[in-house]
Amino acid sequence: MKPIITHKITDDFYLIRTIDHKLKYFEALWDVPEGMVYNAYLLKTPEGAVLFDTTKANFKEPFLEALRSLIDPSEIKHLVIHHMEPDHSGALPAVLEAIGDHVQLWGHKFSKRLIKSLYGLEPNFQAIKDGATLEIGGKRLVFLSMPWLHWPETMITYIPDGDIILGGDIFGSYGIPEGIFEDDGDDITEFLHLAREYFASVIGHYKEYVGKNFLKLENEAIVPKLILPAHGLLWHKDPAKIVNAYAQWAMGKPEKGKVVVIYSSMYGYVEKAAQVAIENLKEQGFHPEVFRFTDEHRDSVVDILGEIPDCEAIVFATATYESGVFPLMAHLLEEILHKTAYNKPILLLSVFGWAGMTGKQLTSMLESSPFQLVDTIEFKGLLGTEDRENILVGVSKLTNAING
Ligand code: FEO
């Protein structure tokens, strides 16, 4: 399969999609066995062409080949930089060389600094302010700053003619779609699942900026009819679906009955405690989504993070390891607090052999977070009758907190 495909989106817009099957860990951090795509776009007008973003450095040659199949690069007058992370800017030096010195770059002033620091280049760069416009070939391009979604220099382009938004990372997803648009046959439920994982892991830390930045769209009465993101599917049939999904994930709007249960269990003791909570949650009509770290199974952190924005509550059950929280759970909790900290109830369970220090450590990690810690229950190895009763009381506190 070719690593780059092109597709005519409208009379004058083209998609240049890089398909990254080899990707294993996005940002060298997040397990993404589903792969990923990087979408760049080309706008052709009678007065010259505009290229929006590029691709990763290791795809520069096929990207240039695909670009040349659409246009003589020297006809590109403007290059818009929505975001400087190298999954979109890595091929920039090769693309600039192919286009020539005449090209005018547009982007946030921070992007100019990054082009110099990442690539040692000082091209013809126009730093733009929020709301700045570029008129070309009868089109008006409006540049809107979207700071911290997810870098400070992030911006989008709005084109009133057709109500088009080029969103950069915003509205993006992990995964390699089969189709171009959201109604081309991809399983949208599965796609939104991958988009939620992407949101949680990439945008999550800055989620409070989603509402602030989306307000800008509302204030300008922008209702997109076509959304062209830098990752994943393009949206033309129901663009509000992905806009609303991002807004709801940012707020942590829960899906009724969904409780995320995460446990680590080296020798089965924590697993038994977690099972008590899981069975009780089911009896009460909840739907536990269970993730675990054991000697036979290990879920990925990004999969777990992706389940938190729309859950009602969390059960977090861990073993003690060298007088502390089991390392994989400590790492996971740090990421949860960093990326997906919401005002949602959480119940802590921990097992210890020698001294009950884990509960205190977990409690102190959660104290300054938005989570509502309903209870911390510690027990020693085998679950006794009292331990079971304590867990049931803890689950009851959790479900009471959910039910308000
Ligand atoms: Fe798709 Fe933040 O880069």
Side-chain angles (χ1 to χ4, degrees), residues 3-5 15-41 51-60 63 79-93 95 105-108 110-115 117-119 143-157 165-177 191-192 194-210 213-214 227-235 242 245-246 249-250 302 305-306 335 338-340:
I4 310 268
I5 59 162
L15 164 69
I16 309 172
R17 170 176 286 172
T18 304
I19 302 170
D20 194 349
H21 279 287
K22 288 188 179 167
L23 180 77
K24 284 188 175 176
Y25 308 106
F26 182 60
E27 296 178 335
L29 185 57
W30 309 111
D31 292 68
V32 187
E34 299 86 359
M36 199 161 184
V37 299
Y38 318 111
N39 299 327
Y41 299 92
L51 179 64
F52 299 86
D53 301 310
T54 65
T55 188
K56 272 172 89 174
N58 47 329
F59 292 100
K60 64 186 178 190
F63 184 88
L79 202 166
V80 176
I81 308 281
H82 288 121
H83 173 37
M84 274 300 293
E85 191 163 2
D87 53 332
H88 310 291
S89 71
L92 190 61
V95 171
L105 276 73
W106 299 74
H108 191 282
F110 294 165
S111 293
K112 182 179 182 183
R113 190 196 301 172
L114 283 168
I115 291 170
S117 58
L118 294 180
Y119 306 116
F143 303 120
L144 296 172
S145 178
M146 294 274 149
W148 299 110
L149 297 183
H150 63 119
W151 279 15
E153 92 302 5
T154 309
M155 57 170 232
I156 64 170
T157 301
I165 280 184
L166 293 108
D169 275 355
I170 308 166
F171 313 121
S173 171
Y174 291 131
I176 298 174
F191 177 79
L192 287 173
L194 289 171
R196 202 172 61 236
E197 280 187 17
Y198 174 83
F199 174 87
S201 54
V202 175
I203 309 274
H205 182 63
Y206 301 106
K207 56 187 172 303
E208 72 267 30
Y209 290 90
V210 172
N213 281 312
F214 282 16
I227 291 182
L228 309 178
H231 300 287
L233 287 167
L234 287 50
W235 294 79
I242 190 70
Y246 260 63
W249 297 333
V302 69
L305 292 179
E335 291 297 347
H338 198 63
K339 301 280 189 179
T340 55

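Note that the structure is predicted; figures quoted are calculated from it, not measured. Both ligands and their constituent atoms are indexed starting at 1 by order of listing.
- Here atom 2 (Fe) of ligand 1 is the vertex; the NE2 atom in H150 and the OE1 atom in E85 give an angle of 80° (to 10°).
- In this structure, the separation between CE on M84 and OH on Y119 is 5.0 Å, given to the nearest 0.5 Å.
- A distance of 6.0 Å or more separates the ring centres of F52 and F143.
- Distance alone, capped at 3.5 Å, is enough to place a donor-acceptor pair between the N39 side chain and the P229 backbone.
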**Request:** Please report the C-alpha distance between L234 and R17 in whole Å, then the side-chain angles of each, then the deciding distance to 0.1 Å, and finally whether the side chain to side chain contact (heavy atoms under 4.5 Å, CB included) criterion is met.
**Result:** CA-CA 11 Å; L234 287 50; R17 170 176 286 172; 3.6 Å; yes
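- The NE2 atom of H88 and the OD1 atom of D169 meet at atom 1 (Fe) of ligand 1 at an angle of about 80°, given to 10°.
- Using a cut-off of 2.8 Å, one finds that D87 contributes no N/O/S atom close to atom 2 (Fe) of ligand 1.
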